[in-house]
Amino acid sequence: TTASDNTKLQVVTTLFPIYDFARSIAGDNAVVTLLLPPGVEAHAFEPRPEDAVKTAKAGLFIYTNRLMEPWAEKFVSGLGSSTITIVDASKGIALSPAGHGHEDHHQHEHAALDPHIWLDPANAKTMVATIAAAMAAKDPAHGASYRANAAALQQQMTQLDADYRAGLGACRTRTLLHGGHYAFGYLAKRYGLQYEAAVSVNADAEPTATQMASLVQQIRTSGVHYIFSEELVSPRLTETIAHEAGVKVLALHNLHDMSKEDFRAGVSYLTLMRRNLANLKTGLECR
């Protein structure tokens with residue numbers, strides 16, 4: 001850290017998409033840190049003592065929403081810092097009910113909400129605006145630069161959205177079968193896909209043998225040729241289901257966790273979303 005870095009706005013972010021957006025908006029004017037270490041499952045993350053040290057020095061703490069990081073507000077208020085501004089990046093975004101994974105079709109009492117808002121590019125644009133506004137308010141000297149960088153990023157997201165619409169316009173199937181937890185509800189809704197996840201929002205739930213059998217049956221009758229697996233969650237489940245049902249597996253990245261390789265390679269939200277689009281076009285057999 002150079003002396004000039006110490007005088008810059010320090011921004012601590014919880015999840016990769018927010019880190020990536022903030023990094024684009026910051027340019028060279030602010031220092032952006034990611035709290036969640038690459039390779040760690042986001043839903044299971046608990047802040048560590050060194051995270052408290054890192055965050056206590058920050059001017060801004062940006063998190064996704066209270067469902068994704070239920071610990072965030074308490075964690076920051078417990079630091080007793082008078083200088084941190086806490087930003088909820090889901091401000092202005094309507095949270096949708098989480099759809100149910102295959103393993104809890106019969107217990108609809110808990111209408112949980114889905115925290116994975118960033119997988120819809122329109123939501124991502126709103127998040128970018130919220131983050132840029134917070135950075136400009138905290139560091140007005142660089143406000144114009146933050147806003148310009150945010151506008152450029154939003155422009156790319158508009159293009160991404162148009163490419164998704166075009167790419168997923170005419171497909172042999174609109175059924176997105178996913179061997180992971182319920183994360184793609186916002187994306188499916190935006191592009192008119194029928195989304196089914198093997199497990200619900202809770203990433204560590206595993207379907208029983210009976211549920212597995214009914215899932216395999218469902219895949220066979222649905223006529224799909226591909227199912228999608230999930231990053232950083234054991235692919236074993238998806239591979240077992242695919243093998244039983246006689247379909248192929250494609251990766252779909254939910255972006256809340258990052259592999260160490262991807263992180264080191266400096267991949268961005270846009271890169272991963274485009275990778276997803278390519279796999280969706282293959283898996284849904286779009287022309």
Side-chain angles (χ1 to χ4, degrees), residues 10-26 30-48 50-52 54-55 58 60-76 84-93 95-96 98 112-135 150 153 157 160 180-187 201-204 230-233 252-273 275-276:
Q10 305 282 325
V11 182
V12 169
T13 57
T14 52
L15 233 57
F16 177 76
I18 296 177
Y19 168 75
D20 189 51
F21 301 163
R23 183 172 63 164
S24 295
I25 296 163
V31 180
V32 182
T33 312
L34 175 64
L35 220 46
L36 187 82
V40 169
E41 211 292 305
H43 289 276
F45 177 72
E46 290 281 334
R48 303 146 305 178
E50 59 266 36
D51 295 327
K54 217 182 294 181
T55 307
L60 277 180
F61 176 87
I62 311 174
Y63 72 107
T64 322
N65 50 54
R66 61 187 167 71
L67 302 163
M68 196 67 220
E69 304 97 341
W71 47 267
E73 297 271 348
K74 193 165 168 237
F75 166 66
V76 179
I84 300 181
T85 303
I86 303 180
V87 182
D88 177 344
S90 69
K91 204 174 72 177
I93 296 170
L95 295 178
S96 303
L113 292 169
D114 181 355
H116 308 90
I117 52 175
W118 60 87
L119 290 160
D120 173 342
N123 286 346
K125 282 168 69 174
T126 303
M127 293 168 80
V128 167
T130 299
I131 294 166
M135 286 168 68
L153 182 55
M157 288 168 174
L160 177 73
H181 76 290
Y182 191 96
F184 292 91
Y186 293 97
L187 185 145
V201 173
N202 177 3
D204 47 18
E230 176 165 35
E231 296 297 311
L232 295 185
V233 172
L252 205 54
H253 203 306
N254 60 34
L255 281 78
H256 50 25
D257 332 307
M258 195 42 66
S259 71
K260 292 186 173 76
E261 298 71 40
D262 273 348
F263 191 75
R264 273 201 294 270
V267 300
S268 69
Y269 169 88
L270 292 160
T271 314
L272 291 172
M273 287 294 281
R275 206 186 279 174
N276 280 347

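Contact detail for Leu119 and Ala183: the closest heavy-atom pair is CD1-O, 3.2 Å. Closest approach of Ile84 to Ala58, counting heavy atoms only: CG1-O, 3.2 Å. Here the closest non-hydrogen pair linking Phe21 and Ala124 is CZ-CB, 3.9 Å. Nearest heavy-atom pair across Ser268 and Thr271 is OG-OG1, 2.8 Å.
Here the CG-CE distance, from Leu113 to Met68, works out to 13.5 Å after rounding to the nearest 0.5 Å. To the nearest 0.5 angstrom, Leu270 atom CG is 7.5 Å from Ser24 atom OG. Residue Tyr186 holds its OH atom at 4.5 Å from CG of Asp114, rounded to the nearest 0.5 Å. Rounded to the nearest 0.5 angstrom, Leu187 CG and Asn254 CG are separated by 11.5 Å. The CG atom of Leu15 lies 12.0 Å from the CD1 atom of Ile62; values are rounded to the nearest 0.5 Å. For the atom pair NZ (Lys54) and CZ (Arg48), the distance works out to 6.0 Å, reported to the nearest 0.5 Å.
In this structure, the side chain of Tyr269 does not engage the main chain of Met157 through any donor-acceptor pair within 3.5 Å. Judged purely by atom type and a 3.5 angstrom limit, Thr13 uses its side chain to pair as donor or acceptor with the backbone of Thr33. Here the side chain of Asp257 pairs a donor or acceptor atom with the backbone of Ala42 at under 3.5 angstrom.
Looking at Val267, Asn276, Asp262 one by one, the single match for side chain to side chain contact (heavy atoms under 4.5 Å, CB included) with Leu255 turns out to be Asn276. Test His116, Glu69, His256 against Thr64 for side-chain hydrogen bond (donor to acceptor under 3.5 Å, both in side chains) and you get one pass: Glu69.
Taking the six-membered ring where the residue is Trp, the centroids of Trp118 and Phe16 are separated by 6.0 Å or more.
A search for salt bridge (Lys or Arg N to Asp or Glu O under 4.0 Å) contacts involving Arg66 returns nothing, not counting sequence neighbours.
Contact of the Phe45 side chain with the Pro37 side chain is registered, since non-hydrogen atoms from C-beta on lie closer than 4.5 Å. The side-chain heavy atoms of His43 and Pro115, taken from C-beta on, include a pair separated by under 4.5 Å.
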Are Thr14 and Trp71 close enough, and set up right, to give a side chain to side chain contact (heavy atoms under 4.5 Å, CB included), and what steps lead you there?
CA-CA 11 Å; Thr14 52; Trp71 47 267; 3.7 Å; yes
Please determine whether side chain to side chain contact (heavy atoms under 4.5 Å, CB included) holds for the pair Phe61 and Leu35, giving the CA-CA distance in whole Å, both sets of side-chain angles, and the decisive distance to 0.1 Å.
CA-CA 10 Å; Phe61 176 87; Leu35 220 46; 3.9 Å; yes
Pair Tyr63-Asp88, side chain to side chain contact (heavy atoms under 4.5 Å, CB included): steps then yes or no:
CA-CA 5 Å; Tyr63 72 107; Asp88 177 344; 3.8 Å; yes
Would you mind writing out the side-chain donor-acceptor pairs for residues 125-135 within the sub-3.5 Å range, not counting sequence neighbours?
unit_1	atom_1	unit_2	atom_2	d
Lys125	NZ	Thr158	OG1	2.7
Thr126	OG1	Ala122	O	3.3
Thr130	OG1	Thr126	O	3.1

